[in-house]
Amino acid sequence: MNYWLIKSEPEDFSIEDLANAPNRTEHWDGVRNYQARNFMRDDMKIGDRVFFYHSNCKPPGIVGLCEVASAPYPDHTAFDANCKYFDPKSNPEEPRWVMVDMKFLRRLKRMIPLQEIKQHSDALDGFALIRRGNRLSIMPVSKEHWDFLLSLE
DNA sequence: GCCAACGTTGGC
DNA sequence: GCCAACGTTGGC
C-alpha cells in the first residue's frame, strides 16, 4: 500500500464536503500538473491511504484521512469549455488529464497544522510538504512519515 | 496583498 | 534546446 497527501483549498472543496458527498466519495478533478497527474496515473492504487490537507487557509494543515477509491480515469472537466479546468489540448480521444475517486474515512481528532509539522523536520526529513518551494498538490508520503504524522494526532 | 518559487509557453 | 516572460501556488 502507498501513502499520499492531497491538498485542497477548503473554500473550494473541504474535508466536510468530501464527508457529505454521496457515498462519501468524490472524483478528484482539476489536477493540471504533470507530476501530480503521473502519481495518480502510475502509482495510486485502490485502497491507498491519503492525508487530506487544507491549503491557502488559516491555518493550513492536515485535517483528515481518505482513501483511493478507483483506478485512474479521464478527467472530463478538461473537455468542458465552460469549466475553469478546461484544457483545449485535452480531448476524449486522447485525454491529457486523469483523476481518481477519493473516499472519506475520518477527520483527524485534531488538525495537525503545517507550522507544527515543520517543527519536526528531523523526523520528517525529505517529506515533500516541507521542502522549500513545494507546490505539488499530490505527493507521496513514506510509511515512516505517515506513522509519525498520525502519532501527532 | 505580497512575493518567492516554481511550471509552462513560445520565440528564436 | 535555450531562456525570458508569464501565470500559478500558497505561506505569510
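The sequence lines fix the lettering, A, B, ..., with proteins before strands; numbering per chain opens at 1.
- The side-chain heavy atoms of A:Met102 and A:Met44, taken from C-beta on, include a pair separated by under 4.5 Å.
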Under a 4.0 Å heavy-atom criterion, the protein footprint on nucleotides 1-11 of chain C, written with B, S and -, is ------BBBBB

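- Aromatic ring pairs are classed by plane angle as parallel below 30°, tilted from 30° to 60° and perpendicular above 60°; the pair A:Phe13 and A:Phe52 is tilted.
- Residues passing the side-chain hydrogen bond (donor to acceptor under 3.5 Å, both in side chains) test with A:Asn2, sequence neighbours excluded: none.
- Ring pair A:Tyr3/A:Trp146 is tilted by interplanar angle, where 30° to 60° counts as tilted.
- Remark: aromatic rings of A:Tyr73 and A:Trp97 are distant, center separation not under 6.0 Å.
- Each of A:Arg32 and A:Gly133 has a nearest nucleotide on DNA chain B; the 5'-most of these lies closest to A:Gly133.
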